[in-house]
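Throughout, a chain's letter reflects where its sequence line sits, starting with A, and its residues are numbered from 1.
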2 protein chains.
Amino acid sequence: MDVVRPGPAVRTRLEVPEDSLFGADNLPYGVFAPRGGEYRVGVRFGEFVIDLAAALDDSVFAASDLNAFLAQGPARWRAVRERVRELVSSEITTDAVHSLADVTLALPVRIGDYVDFYASIDHATNLGRLFRPDAEPLLPNWRHLPVGYHGRAGTVVVSGTEVVRPRGQRRTDSGVPDFGPSRRLDIEAELGFVVGVGSSLGTPIDISEVEDHLFGVALVNDWSARDIQAWEYQPLGPFLGKSFATSLSAWVTPLAALDSARIPLPEQTPPPLPYLSVDEPWGLDIELTVCWNGQVVSHPPYGRMYWSPAQMLAHMTANGAAARSGDLFASGTISGPEAGQRGSFIELSWGGAEPVEVGGERRTFLEDGDEVVITASARGVGGRRVGLGEVRGRVLPAGARG
Amino acid sequence: MDVVRPGPAVRTRLEVPEDSLFGADNLPYGVFAPRGGEYRVGVRFGEFVIDLAAALDDSVFAASDLNAFLAQGPARWRAVRERVRELVSSEITTDAVHSLADVTLALPVRIGDYVDFYASIDHATNLGRLFRPDAEPLLPNWRHLPVGYHGRAGTVVVSGTEVVRPRGQRRTDSGVPDFGPSRRLDIEAELGFVVGVGSSLGTPIDISEVEDHLFGVALVNDWSARDIQAWEYQPLGPFLGKSFATSLSAWVTPLAALDSARIPLPEQTPPPLPYLSVDEPWGLDIELTVCWNGQVVSHPPYGRMYWSPAQMLAHMTANGAAARSGDLFASGTISGPEAGQRGSFIELSWGGAEPVEVGGERRTFLEDGDEVVITASARGVGGRRVGLGEVRGRVLPAGARG
């Protein structure tokens with residue numbers, strides 16, 4: 001234990017490089033623990049973490065998740081963001097500042113329900129071709145609604161958590177399945193959206209009011225065992241092929257930090273039904289980078305996404321389903337039309353038929369020991385970039401924890 | 001407020017009729033609030049509710065859900081059950097007893113993840129015929145694994161909660177969907193299984209150890225909007241057609257109360273893979289009753305279920321997915337081979353083509369104001385029956401809360 005000497009508070013000015021992805025325009029929220037300390041809410045500024053409970057003397061941040069703060073709503077989110085911007089542009093008490101390198105990061109939100117969408121037309125088209133080669137790649141409903149399904153909230157893990165290769169039933173050429181470690185372990189590079197203010201059962205969130213409810217954006221790697229998925233998914237959708245782990249970045253960037261990244265949504269044909277329509281639908285100009293064992297293999301462009309975050313949230317609650325603070329919904333794999341823009345390895349390697357060169361080896365799916373790091377940045381103010389926290393994971397052999 | 005006079009504790013013997021479905025062999029757990037009081041854990045005995053925190057002087061029961069007690073594990077579950085059986089067979093302090101009619105019941109568990117299976121071969125065959133009339137009703141995977149998917153944990157509601165008819169995209173004859181209140185609102189009569197002791201990420205629950213993890217059984221009505229479901233469910237499964245509400249009975253019957261209801265599982269062809277196999281697989285002899293506006297329309301037989309509860313839990317975690325105390329998994333609709341044994345109205349009315357006579361009217365799906373009550377009882381000791389709590393719900397018009 002360090003010896004703590006009470007004394008006059010020392011104030012300092014935090015220096016962050018002008019071109020930092022985590023400057024004063026960003027200020028994402030996370031949950032951290034200083035060495036030997038308890039988890040609490042922090043804001044990232046450059047390579048610093050600001051302890052909000054200490055800096056703002058506010059107990060809502062002395063919590064192991066963001067949920068209570070999220071539930072306080074947009075006026076409060078704006079006020080806190082303004083206070084933190086003041087702090088980082090002047091001086092802050094050193095007691096409230098930690099070096100990012102010295103803290104442990106945890107899952108930022110307590111996730112009630114986790115929904116995964118399928119909002120990229122390039123990805124849905126690619127997967128349709130691979131999974132149903134004899135049929136139209138896009139099913140008839142795809143252009144009418146954002147297709148989605150519920151994932152397993154209890155196995156969303158924070159970036160850095162190692163992922164054990166799942167075992168499961170694998171389809172074999174004989175038509176009779178066997179059971180064993182997945183041979184087609186894959187990633188899905190996605191954006192995740194964090195619900196701030198929930199909604200009541202029976203009361204949909206109107207698409208015009210989404211910004212009163214939506215707090216921020218994180219990065220998601222929706223690990224997928226393609227062989228398990230291909231065998232199990234009909235007729236009720238993905239289950240064990242996904243539920244072993246979903247990785248979430250430790251930092252949630254508030255929507256307010258992404259004002260400059262807003263772009264018009266690509267045209268939708270046919271026009272969406274009224275409950276999915278607004279006058280000026282917006283997307284986000286965010287580019288992801290997928291790094292496989294240290295080598296960049298893809299740059300998925302979020303800006304091409306067909307369905308918007310607002311449409312996803314309005315659709316998810318259109319039937320009266322309640323949302324809760326801390327709920328997470330993800331975009332589904334982000335892919336662009338070019339080979340170098342695909343957000344999953346099943347697409348990059350075209351179902352395994354076209355191996356990718358990684359570190360001098362020809363690779364298709366993940367091998368034990370592989371590490372995948374997904375990062376992203378958004379268009380910011382004045383040509384600067386706003387970084388999203390990374391989502392990192394390494395594959396452990398099947399049975400490594402069992 | 002009542003005036004409370006401290007004084008000597010008065011002890012009494014609780015009288016419950018010999019043929020009660022909620023006698024000393026049953027003793028299900030729930031969460032209740034006495035008038036003006038806070039929620040806490042109770043045990044039902046006949047028409048009484050025993051306040052466990054008061055009766056056993058144990059603060060784990062002074063909670064608004066069963067989760068902390070569930071996490072304590074099977075030895076503790078047995079010990080508490082034994083203590084309660086002693087109490088109800090001798091005398092109990094009146095301070096710890098309430099009349100069931102005087103209390104409010106709440107959701108008994110805080111549900112982390114909710115999974116719904118599809119374990120009845122008669123139901124899966126019927127739905128295959130109705131949804132995919134031109135194909136084999138059972139898909140190739142069905143006899144190899146218990147098909148399941150994640151539902152929305154945040155919209156599981158306690159029995160008695162009114163259900164607002166959901167709006168959603170409905171397929172029309174033109175092939176272009178419209179948006180409006182579901183015209184094919186249905187029920188699904190199911191058993192729900194409550195996880196007591198969870199498991200760690202990466203560590204499957206072995207099928208031989210399921211009874212160290214599984215706490216008890218409840219009743220589920222998995223309300224389903226068939227028109228929404230039919231349009232949205234490919235390729236990722238049910239979503240808004242289910243997520244508006246799932247009703248759970250207020251009482252959870254511990255597995256220990258269902259020893260006499262255990263029966264051999266019907267034969268499985270082909271034999272299940274080793275991770276789904278035990279020497280003596282068991283099912284449960286439980287008969288459900290579906291009551292539509294006061295009229296009994298069906299008696300779904302749980303005893304015919306193809307996949308067992310143990311197989312469902314072992315499968316759900318076979319990929320290393322963690323389970324948490326309070327997680328809920330449900331069997332899927334329970335149907336038998338006879339028309340009077342079907343657990344959903346889409347089956348009872350054969351997709352709406354064969355209306356059912358209800359209260360003198362010809363009916364297919366639910367109309368506003370309809371009420372459905374599902375009850376069930378299991379074979380008990382000495383010819384007696386063990387009751388499961390009812391699951392009740394009435395349909396409100398679309399927009400009733402919006």
Side-chain angles (χ1 to χ4, degrees), chain A residues 112-113 115 118 131-132 139-141 144-145 147-155 157 164 166-169 175-179 200-204 225 228 231-241 243-245 270 273-275 315-316 318-324 327 396 400-402, chain B residues 112-113 115 118 131-132 139-141 144-145 147-155 157 164 166-169 175-179 200-204 225 228 231-241 243-245 270 273-275 315-316 318-324 327 396 400-402:
Chain A
D113 278 293
V115 165
Y118 194 52
F131 274 64
R132 296 177 299 276
L139 292 173
N141 58 13
H144 294 277
L145 51 77
V147 170
Y149 69 100
H150 286 90
R152 191 165 183 85
T155 51
V157 296
V164 178
R167 294 196 175 96
Q169 290 197 22
V176 176
D178 65 2
F179 182 86
S200 305
L201 190 67
T203 309
I228 297 173
W231 172 238
E232 75 177 357
Y233 89 108
Q234 284 183 319
L236 301 185
F239 184 39
L240 300 187
S243 65
F244 55 96
L273 282 163
Y275 81 102
H315 183 67
M316 190 167 81
N319 66 346
R324 292 178 283 179
D327 278 358
L396 299 185
R401 291 203 193 94
Chain B
D113 278 293
V115 165
Y118 195 51
F131 275 62
R132 296 177 300 276
L139 292 171
N141 58 13
H144 294 278
L145 52 77
V147 169
Y149 69 100
H150 286 91
R152 191 165 184 85
T155 50
V157 296
V164 178
R167 293 197 176 95
Q169 290 197 23
V176 175
D178 64 2
F179 182 86
S200 305
L201 191 66
T203 309
I228 298 172
W231 172 237
E232 75 177 356
Y233 90 107
Q234 284 184 316
L236 301 185
F239 184 39
L240 300 187
S243 65
F244 55 97
L273 282 162
Y275 81 102
H315 183 68
M316 189 167 82
N319 66 346
R324 292 177 283 179
D327 279 357
L396 297 185
R401 291 202 193 95

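Of the possible polar contacts, one joining the B/Glu232 side chain to the B/Gly241 backbone as a donor-acceptor pair under 3.5 Å is found.
Using a 4.5 Å cut-off between heavy atoms, A/Ala245 makes no contact with chain B at all. The contact between B/Leu236 and chain A is made by backbone and side chain atoms together, counting heavy-atom distances below 4.5 Å. Only the side chain of A/Leu139 has a heavy atom closer than 4.5 Å to any heavy atom of chain B. If you measure heavy-atom distances from A/Leu145 to chain B, the contacts under 4.5 Å come from both the backbone and the side chain. Heavy atoms closer than 4.5 Å to chain B are found in the side chain of A/Asp113, but not in its backbone. Interface residue A/Phe244: backbone and side-chain heavy atoms are both found under 4.5 Å from chain B. For a residue to count as touching a neighbouring chain, one of its non-hydrogen atoms must lie under 4.5 Å from one of that chain's; by this rule B/Ala225 does not touch chain A.
When each of A/Tyr275, A/Tyr149, A/Tyr118 is checked for heavy-atom pairs under 4.5 Å with chain B, A/Tyr275 comes out on top. Ranked by heavy-atom pairs under 4.5 Å with chain A, the first of B/Val147, B/Asn141, B/Val115 is B/Asn141. Heavy-atom pairs under 4.5 Å with chain A peak, among B/Gln169, B/Met316, B/Arg324, at B/Gln169. Between chain B and the options A/Pro166, A/Pro238, A/Gly148, A/Gly112, heavy-atom pairs under 4.5 Å are most frequent for A/Gly148. The candidate with the highest count of non-hydrogen atom pairs below 4.5 Å against chain B, out of A/Gly168, A/Pro140, A/Gly320, is A/Pro140. Heavy-atom pairs under 4.5 Å with chain B were tallied for A/Ser200, A/Ala323, A/Pro177, A/Pro270; the largest tally goes to A/Pro177. The candidate with the highest count of non-hydrogen atom pairs below 4.5 Å against chain B, out of A/Pro274, A/Ala318, A/Pro235, is A/Pro235.
When the ring-ring contact (aromatic ring centres under 6.0 Å, His included) test is applied to A/Phe239, the partners found at least two apart in sequence or on another chain are B/Phe117, B/His150.
When all heavy atoms of A/Gly202 and A/Pro204 are compared, the closest pair comes out as O-CD, 3.5 Å. Nearest heavy-atom pair across A/Leu201 and B/Arg401 is O-CD, 3.6 Å.
How far NE2 of B/His315 is from CG of A/Leu240: 4.0 Å, rounded to the nearest 0.5 Å.
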Exercise for review: Mind running ring pair (Phe, Tyr, Trp, His ring centres under 6.0 Å) on A/Tyr233 and A/Phe131 for me, showing each step along the way?
Suggested key: CA-CA 11 Å; A/Tyr233 89 108; A/Phe131 274 64; 5.7 Å; yes

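Salt-bridge check for A/Arg152 with B/Asp327: passed, with a basic side-chain N closer than 4.0 Å to an acidic carboxylate O.
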